[in-house]
Amino acid sequence: MSKATPMTMLVRFAPSPTGLIHAGNARTAVANYLFAHANDAEFLLRIDDTDAERSKPEFEAAILEDLAWLGLRHDRFERQSERGDVHRAAVERLKASGRLYPCFETAEELDRKRKRQQARHLPPVYDRAALSLTDDERAKFEAEGRKPHWRFLLSQKKVVWDDLIRGPVEIDTGTVSDPVVVREDGTFLYTLPSVVDDADLGVTHIIRGEDHVTNSAAQIEIFEALGVTPPRMAHHPLLVGASGEALSKRLGSLSLRTMRENGIEPMALSAYLAKIGTSDPIEPRASLNDLAGEFDFSKIGRAPARFDEAELAALNAKHLHAVPYEEVRDRLAVLGCDLGPAFWLAVRPNLGRLSDAASFRVLVEGPVVPTREDPEMLEKAADLLPDTLDGESWGIWTKAITAATGRKGKALFHPLRLALTGREHGPELAKLLPLIGPARARARLMGETA
Ligand code: GLU
């Protein structure tokens, strides 16, 4: 294990490939990425795939695709399943120094112990019975065919760290069980490979959800037992739903996949995940760099952050309303509605999602079946329509119609909209009119499908 002080700061996002990335772990990924970019640090993507049974290559592929969609490029990549030698070497060192000890209790025996503790109103902390096994007793268990699992011997002292989000944290490791780190079959539980890799790869900052706070105390002790200075820790509050409910049951619908399919823009989602639960306003941002420039742990509150899908949808719309044409041109082409920058500027204020733009193509190119609400006025309007139309035309033309017919306000605009677009609502007519063009506009005003 290298103990060298790393030259660069290093953070990691460490998903297990046992499912899709959802709002909760995406928020952790965003925080790590933004911290890295705000501090010239490196961003490591570490696939925590030591659970061979539950880890699936298709989930790893999905994680990579989803992070790429969000734009969270990693500087380094590691897969824990390929680092078994490093993990095993660390286990041997911890065994040699007496910090790992073998236990032979079966799951049922442990369960019985917990029930007895419960009945006596004692905390369900492992009683360390295995520490007092004699060599004979151990040999007897092994002769019975029992294989040991291994626990890390906690110091039962106060572990203290200055959390970058929570401030000073103090956890008495006498109040928690010695964690099992190696199973009977020799496979590792999450904690051990995580600490060994953080130490070996030179992770300097661990940024993750506060569900890991208690783990951190044991992990800090393992870092120290390995002779490595623990990384700085930052535990952010977890996400809850709009009315404060736990999100866990709805995580399927909050997967990045589903959000993407529902038309959420990656930058809108990044901005939302970066800002909820902070003192900053929730506003669209043009780039991850902008978000990185504003990233600061001190802005993250201690209360759970509310993930409100309606608020995200509103932010998504607001984001789209400001997106420049060049940024969406290719996607508009795929949607079959790249009609140029003027079309984009005309329709973007009406979008909730990008794909809505496709529904406006017909307004420009036809065929539109006009609804005629005041034919007399519409005929006059057709007469007054100039032969060339630009951005100024609408104002001049409608003034002329008012002068000629006395129609104004709703009595003017509603029939014009119905005739020109066949719809009650839609993009601003001043911007649409030059795109529709004089010939089509005149035909529609006269009641022709065009
Ligand atoms: N694989 C762990 C998880 O997904 C990583 C936790 C950590 O950041 O240490 O919960």
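Indexing begins at 1, ligand by ligand and atom by atom, following the structure's order. For the numbers below, each heavy atom of this structure counts, side chains included, while hydrogens, waters and symmetry mates do not.
Between Y272 and H319, the ring centre distance reaches or exceeds 6.0 Å. Two rings, from Y101 and F152, have their centers 6.0 Å or more apart.
The distance from ligand 1 to the heavy atoms of D48 drops below 4.0 Å at these ligand atoms: 1 (N), 2 (C), 5 (C). Interface of H212 with ligand 1, defined as ligand atoms under 4.0 Å from a residue heavy atom, comprises 6 (C), 10 (O). Close approach to R208 involves these atoms of ligand 1, each under 4.0 Å from a residue heavy atom: 7 (C), 8 (O), 9 (O).
Judged by distance alone, the side chain of H149 and the main-chain N or O of V181 form no donor-acceptor pair under 3.5 Å.
Distance from atom 7 (C) of ligand 1 to its nearest protein heavy atom, with residue and atom name: Y190 OH, 3.3 Å. Of the protein's non-hydrogen atoms, the one nearest atom 3 (C) of ligand 1 is A14 O, 3.9 Å.
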>> Quick one, F35 with F297, criterion ring-ring contact (aromatic ring centres under 6.0 Å, His included). Give me CA distance, side-chain angles, the key distance, then yes/no.
In response: CA-CA 9 Å; F35 174 85; F297 284 125; 5.4 Å; yes
> Given E65 and R260, is the side chain to side chain contact (heavy atoms under 4.5 Å, CB included) satisfied, shown in steps?
Replying inline: CA-CA 12 Å; E65 191 184 305; R260 179 164 85 190; 2.8 Å; yes
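Because its NZ or CZ atom is not both nearer than 6.0 Å to the ring centre of F77 and within 45° of the ring axis, R46 does not count as a cation-pi partner of that residue.
Here's the thing with P15: none of its N/O atoms is less than 3.5 angstrom from an N/O atom of ligand 1.
The closest heavy-atom contact to atom 8 (O) of ligand 1, among the options R12, Q219, Q80, comes from R12.
Residue R46 places every heavy atom at 4.0 Å or more from ligand 1.
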